[in-house]
Structures are given as structure tokens and as C-alpha cells.
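Quick note: numbers below take in every heavy atom, side chains included, and nothing from hydrogens, waters or symmetry partners. First listed ligand is number 1; within each ligand, the first listed atom is number 1.
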Amino acid sequence: MQSSIMIVCEQSEGHILAVTHELLTCADFLAAESCAGTTAVLPGNIADVEPLPGANLLVINSPTLREYTGEGWEKAVLLAAEQIKPDIIIIAHTSSGYDYAPRVAARLDGGCITSVTGVELSPQGVRYIRSGFHGKLEMLYSSGKSPLVITVLPGAFKGAAKPAPPGNITYMDADIQLQQTSELHFKTADQTNAELEVADVVIAAGKGIGKVENLELIRQMAARFKHSAIAGSRVVCDNGWLEYNAQVGMTGKTVTPLLYVACGISGSMQHIAGMKDSKTIVSINRDPDAAIFKHSDICIIEDLEKFIPVFLQQEEGSAV
Ligand SMILES: Cc1cc2nc3c(=O)[nH]c(=O)nc-3n(C[C@H](O)[C@H](O)[C@H](O)COP(=O)(O)OP(=O)(O)OC[C@H]3O[C@@H](n4cnc5c(N)ncnc54)[C@H](O)[C@@H]3O)c2cc1C
């Protein structure tokens, strides 16, 4: 039986974002297996949009979809699913995607596999790959439930989707009422951190620093190098220990310093995406199996609260 695939486009201010093409690549792969057709859905409040290659596009317009809300996107995607009746719904694993995807799966009584980094065909059917245990294991998942909602990690399906003629666009006016959400104000974060972008040496703090007071160790270490700056993993920024403009990674900054020192950072794929091209990577982690070590030139297996004070003592008075 022919199945159907639905992707949900990522947009910003009405423009379809590049990650949507990765969702199409993932859909191509699954479609080859199941001979499925793909429909793209775009929630928003959009008058005019470019067509997508190889997929018809359904734009769901409502004034309440002007800005992202979990409730609004959930309702828009459910409305589209009612029409399209998909077997698989593909959503980007972005801050918004992983917010509404499980809601959609629960409402449809379907399956949900998040953070998918690959797809594998086996005699038993399609297996979805995701990493686990802070990137130490690659795990295979399948689902007996339909529809299946998957969220796909940005960057995992890079590469062009099959060349295909542009699909049709249908605009649908929907009356999406928000009952649990009221919009107060959207504030754009300050993205600039010039120091970090040009630094030769970046000392980065992860959750492993344990407490905000330990940022002082990171600052003192950075002070030992010329043209240095400090950065953090997302957890550190989420905790409010550093501003978001210091976050390195997939949803933060990409840095390529001469030296990147990762202190108490596990090495999630999302963090690695922002620092992997640094010239020399040094990692301090007390877990010998930490995934960050796979990407490091120098691996220091030690408690950072022990190692950094010793380093600072050794380097006392000498700027590197
Ligand atoms: C859509 C999406 C986008 C994301 N974007 C980003 C992004 O841009 N950047 C980013 O960083 N993350 C991002 N993340 C989050 C990412 O998946 C990880 O959760 C995050 O990177 C983990 O941060 P961490 O390594 O600081 O913490 P953890 O994964 O908790 O790792 C802490 C590490 O510290 C070590 N440790 C603990 N105590 C000590 C000690 N005393 N001494 C030495 N080592 C110690 C532990 O062994 C562990 O390896 C994103 C996630 C999603 C879903």
C-alpha cells in the first residue's frame, strides 16, 4: 500500500529555512523505500512563498501563527495531518520542533522518535538512528505505531535532495485559536560577542563546571592566553551562567580558534558542530569515555576542579 510522508517546514519571518531541504532529503530516502509521496506543510501567516522541489506545499495561514507557539504549531500540524493522513511526519529537531513534535504524536496516538541522525533499511523495516548516553552510543529505533512523528537533527541529512520540479502551493486560511497561550512580547537576543568570534584561544565551560562560581577558573585560564575569550555549552547558557551570545554549537556560534579548550563538556553532536574545525582541541573531562575525546587532540582525564588550579599554578606569571 502506498504510504504518505508529511514534512513540516521550518520558517523564520515567513521565509523557509535551509533545514527544510534536509527534511526533504530524509523524506526522499524514506519515500524510496515505501514509494510514498511527500507533502510539505508550512504554518505561518504568509502571503507568498517559493515552491519546494519535489513536494507540494500546503501553507496554513492564521494570524495566530505569526510567531511560533507550541500550541499554534500543534494545532496547525494536526489540521494538516487530518487532510494528508500521513504515515510519517518529519519535523526538524530545533528548539521549536522538539517542542511541538511530541504533542502532535500524542494527539494522533502515534509514535515519536526524536533527534534522528540517520535512517537504515533492514529486512525488519526502517530503523531510525539516534545517539544516546551523551553521544557514546548509536542506537537504532523502530516504531510499530502509525503515524510516526520523527524529529531530525539539523546537519544530519545534509546534501541535496533529488533534483525535482517544483511542487504546487496551496494556501489555506485557518482559524487557529490559542487557548493556553497568550503572546506578551518577543525579544531578540543580542547575538554579538565580537571577542569570541575573533579569539585565537577559546576556553569553553560545560555543565561539568558544576556551579557558576567555577566560571572564575575558566576566566583565569583564559587570562593566561593572549587574544582569548570564554564560551559555554548550551546547558551553561540555559542555566544563565553565561549569556547566549557565548554559546558555541549548532544553535550558537561556530568558532575556529587556534586552540579550543573544552572544560566539562560531554561532546554532544550539537556542541561539536560549532567547534570541530578549531586547529587544536584540548578537552578536560573526568569521564574517560566522554564523546568529546573522539574529537580532541589532547585528552585530559581529570576533575577540572583539580586540573585547572594546578595548571594555573604552573603557568603563574607566564602569558602563553
Ligand atoms: C535542537 C538542539 C540544539 C542544541 N544546540 C546546542 C548548541 O548549540 N550548543 C551546545 O553546547 N549544545 C546544544 N544542544 C544541547 C546538547 O544536546 C547537549 O545537551 C549539551 O551540549 C550538553 O552540554 P554539556 O556538555 O555542557 O553538558 P553534559 O552533556 O551534561 O556534560 C557534562 C560533562 O562534564 C563532565 N564532568 C562533570 N563533572 C566534571 C568535573 N568535575 N571535571 C571534569 N569533567 C566533568 C561529565 O563527564 C560530562 O561529560 C542542543 C540541543 C538541541 C536539542
Item to check | Shortest heavy-atom approach to atom 22 (C) of ligand 1 - which of T94, D238, I301, V235 | outcome: V235
Checklist entry - Does a salt bridge link E74 with R103, judged by any charged N lying under 4.0 Å from a carboxylate O? => result yes
Next on the checklist: For the 3.5 Å polar cut-off, considering only N or O atoms, please tell me whether V236 and ligand 1 meet it.
Outcome noted: no
Next on the checklist: Evaluate H271 for polar contact with ligand 1, using N/O atom pairs at a separation under 3.5 Å.
Outcome noted: yes
Checklist outcome for this item: atom 36 (N) of ligand 1 has as its nearest protein heavy atom G208 CA, 3.6 Å
Checklist entry - Backbone, side chain, both or neither: what part of L153 comes under 4.0 angstrom of ligand 1, heavy atoms only? => result neither
Checklist entry - Which atoms from ligand 1 have a heavy atom of H93 less than 4.0 Å away? => result 1 (C), 53 (C)
Checklist entry - For atom 15 (C) of ligand 1, what's the nearest protein heavy atom and its distance? => result R234 CB, 4.2 Å
Next on the checklist: Once you measure the plane-to-plane angle for Y260 and H271, does it fall in the parallel (<30°), tilted (30-60°) or perpendicular (>60°) bin?
Outcome noted: tilted
Next on the checklist: Suppose I only count heavy atoms of Y98 and a 4.0 Å limit; which atoms of ligand 1 are within that range?
Outcome noted: 1 (C), 53 (C)
Next on the checklist: To check your reading of the model: name the closest protein heavy atom to atom 7 (C) of ligand 1, its residue, and the distance in Å.
Outcome noted: Q247 NE2, 3.1 Å
Item to check | ligand 1 contact by E302, heavy-atom criterion under 4.0 angstrom | outcome: yes
Next on the checklist: Tell me the protein heavy atom at minimum distance from atom 43 (C) of ligand 1, and give that distance in Å.
Outcome noted: R286 N, 3.3 Å
Checklist entry - Identify the closest protein heavy atom to atom 41 (N) of ligand 1: which residue and atom is it, and at what distance? => result D303 OD1, 3.0 Å
Checklist entry - Nearest to atom 25 (O) of ligand 1, what protein heavy atom do you find, and at what distance? => result S266 N, 2.8 Å
Checklist entry - Relative to the ring of Y100, is the ring of Y68 parallel (under 30°), tilted (30 to 60°) or perpendicular (over 60°)? => result tilted
Checklist entry - Going by the atom numbers of ligand 1, which of them fall below 4.0 Å from some non-hydrogen atom of G249? => result 7 (C), 8 (O), 9 (N)
Checklist entry - Any idea which atoms of ligand 1 are less than 4.0 Å away from a heavy-atom of V248? => result 7 (C), 8 (O), 9 (N), 10 (C), 11 (O)
Next on the checklist: So for M250, does at least one of its heavy atoms come nearer than 4.0 angstrom to any atom of ligand 1?
Outcome noted: yes
Next on the checklist: For D297, is there an ion pair with K279 - N to carboxylate O distance below 4.0 angstrom?
Outcome noted: no
Checklist outcome for this item: Among I300, N285, D287, closest by heavy atom to atom 49 (O) of ligand 1 is N285
Checklist entry - So which heavy atom in the protein is nearest atom 26 (O) of ligand 1, and how far is it from that ligand atom? => result S233 OG, 2.6 Å
Item to check | Best match, G264, A273, A290: closest heavy atom to atom 34 (O) of ligand 1 | outcome: G264
Item to check | N or O pair under 3.5 Å between Q270 and ligand 1 | outcome: yes
Checklist outcome for this item: For G206, the atoms of ligand 1 under 4.0 Å from one of its heavy atoms are 26 (O)
Next on the checklist: Does any N or O of ligand 1 fall below 3.5 Å from an N or O anywhere on S268, backbone included?
Outcome noted: yes
